[in-house]
Amino acid sequence: MTTLHVAEQSPGTAVLVDGAAVAAVGPYEELAAAHPGAKVRRWPGILTPGLLNPYGPELLEATYHPDPREADALGTEPIGGERARAIFRADPARLGASARRGVQRMLAHGTVAVAGELRSRAVADAVRRSGLAVGRRPDRLPGPAALSPVPLVLLPALVPGGPARFAVFDVADRAELVRRGAGTCVATVIGGRLVYRGR
């Protein structure tokens with residue numbers, strides 16, 4: 001089954017997905033006319049190739065992402081530094097579950113690829129199972145590690161035959177995306193599957 005994704009502010013770059021691959025990229029009206037049987041998903045904002053987050057190790061191995069059931073004791077925000085190290089020392093098994101929650105947070109920020117050497121097997125497994133691509137880490141990292149890093153690193157343009165991996169942000173254009181950050185993500189697609197939907 002084919003799915004046609006179109007965002008309100010970027011109708012010229014609609015994406016037709018067939019399975020795990022991009023079948024076509026182009027103006028919505030043309031793709032809709034050529035593929036009348038395709039399921040249509042309409043999104044606010046702009047459709048982009050998605051983001052590379054260069055801080056894989058920092059966000060998934062050195063940060064603890066609390067379970068919602070721990071909110072009373074630990075809060076809901078990611079925990080870094082010595083406090084995270086103490087949590088992992090006290091119970092090393094928490095690393096894998098934390099990484100899975102961290103991956104979900106990344107997907108909710110339009111991340112479709114991570115970079116950086118992942119040393120923990122549990123973390124590498126969480127990344128692999130999610131479908132996140134693993135990219136090359138830039139030579140210079142501006143820091144600090146964040147789910148919405150500055151500057152944002154967009155992946156190359158989508159092409160027919162390439163992997164169906166992209167994200168949609170509820171902004172008017174890329175300038176607004178840079179200004180407001182990746183927290184504006186409303187949808188993330190990896191391997192042709194909708195892995196995050198904000199609304």
Side-chain angles (χ1 to χ4, degrees), residues 19-21 48-156 158 162-169 177 181-198:
T48 74
L51 302 176
L52 166 75
N53 191 310
Y55 298 105
E58 293 82 357
L59 292 174
L60 298 176
E61 293 180 333
T63 301
Y64 182 68
H65 298 272
D67 186 298
R69 294 169 294 188
E70 301 173 308
D72 288 344
L74 298 176
T76 58
E77 293 302 308
I79 298 167
E82 181 52 40
R83 191 170 176 211
R85 288 189 289 276
I87 290 170
F88 294 138
R89 274 195 307 270
D91 185 0
R94 289 174 115 173
L95 181 59
S98 170
R100 289 189 293 277
R101 292 187 295 271
V103 163
Q104 291 304 311
R105 286 179 185 258
M106 288 179 142
L107 295 174
H109 284 78
T111 298
V112 298
V114 296
E117 183 183 355
L118 299 173
R119 296 190 168 127
S120 161
R121 183 175 178 176
V123 174
D125 284 348
V127 168
R128 180 181 49 77
R129 287 183 182 136
S130 73
L132 285 170
V134 178
R136 185 175 162 275
R137 193 169 191 159
D139 294 331
R140 259 183 82 219
L141 294 176
L147 292 165
S148 182
V150 177
L152 294 175
V153 182
L154 280 170
L155 292 180
L158 298 168
R165 184 170 49 226
F166 53 90
V168 183
F169 298 90
L177 172 58
T184 57
C185 180
V186 292
T188 304
V189 172
I190 293 181
R193 295 180 304 113
L194 185 62
V195 294
Y196 170 75
R197 180 176 185 158

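Along the sequence shown, the residues carry numbers beginning at 1. On a predicted model such as this, the values are computed, not experimentally measured, just so you know.
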Subject >> For F88, ring-ring contact (aromatic ring centres under 6.0 Å, His included) partners two or more places apart >> reply: Y64

**OP:** Would you check if P66 and I79 make a side-chain contact, meaning some heavy-atom pair closer than 4.5 Å?
**Re:**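 In contact.
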
Original post:
Between M106 and L60, is any pair of side-chain heavy atoms under 4.5 Å apart?
Top reply: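 Contact flag for M106/L60 side chains = yes.
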
Original post:
Which heavy atom of R165 sits nearest a heavy atom of L158, and at what distance?
Top reply: O-CD2, 3.3 Å

Subject >> Nearest atoms (heavy-atom pairs only) where A122 meets G96 >> reply: CB-CA, 3.8 Å

Please name all residues satisfying salt bridge (charged side-chain N to carboxylate O under 4.0 Å, His left out) with [X], sequence neighbours left out, ordered by chain then number.
X	result
R85	E82
R119	E117
D139	R136

What pairs with [X] under side-chain contact (heavy atoms from CB on, under 4.5 Å), at least two apart in sequence or on another chain?
X	result
D91	A93, R94
R140	none
S148	H109, L152, A182
R100	A97, A126

Subject >> ring pair (Phe, Tyr, Trp, His ring centres under 6.0 Å) contacts in which one or both residues fall within residues 125-144, not counting sequence neighbours >> reply: none

**OP:** To the nearest 0.5 angstrom, please state how far the NE2 atom of H65 sits from the OG1 atom of T76.
**Re:** 12.0 Å

**OP:** Taking atom CZ of R121 as the centre, report whether more than 12 heavy atoms of other residues, nucleotides or ligands fall under 6.0 Å from it.
**Re:**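 Counting other residues, nucleotides and ligands, CZ of R121 stays at 12 neighbours or fewer.
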
Original post:
Is the backbone N or O of G80 less than 3.5 Å from a side-chain atom of T63, with the two atoms forming a donor-acceptor pair by type?
Top reply: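 Looks like no, no N/O pair under 3.5 Å.
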
Subject >> For R128, side-chain hydrogen bond (donor to acceptor under 3.5 Å, both in side chains) partners two or more places apart >> reply: D125

Report all side-chain donor-acceptor pairs from residues 50-59 shorter than 3.5 Å, counting only partners two or more places apart or in another chain.
unit_1	atom_1	unit_2	atom_2	d
N53	OD1	Y55	N	2.9
N53	ND2	A146	O	2.9
Y55	OH	G143	N	2.5
E58	OE1	R137	NH2	3.0
E58	OE2	R137	NH2	2.5

Run the side-chain donor-acceptor check on residues 184-191: report pairs under 3.5 Å with partners two or more places apart or on a different chain.
unit_1	atom_1	unit_2	atom_2	d
T184	OG1	G181	O	2.9
T188	OG1	L107	O	2.6

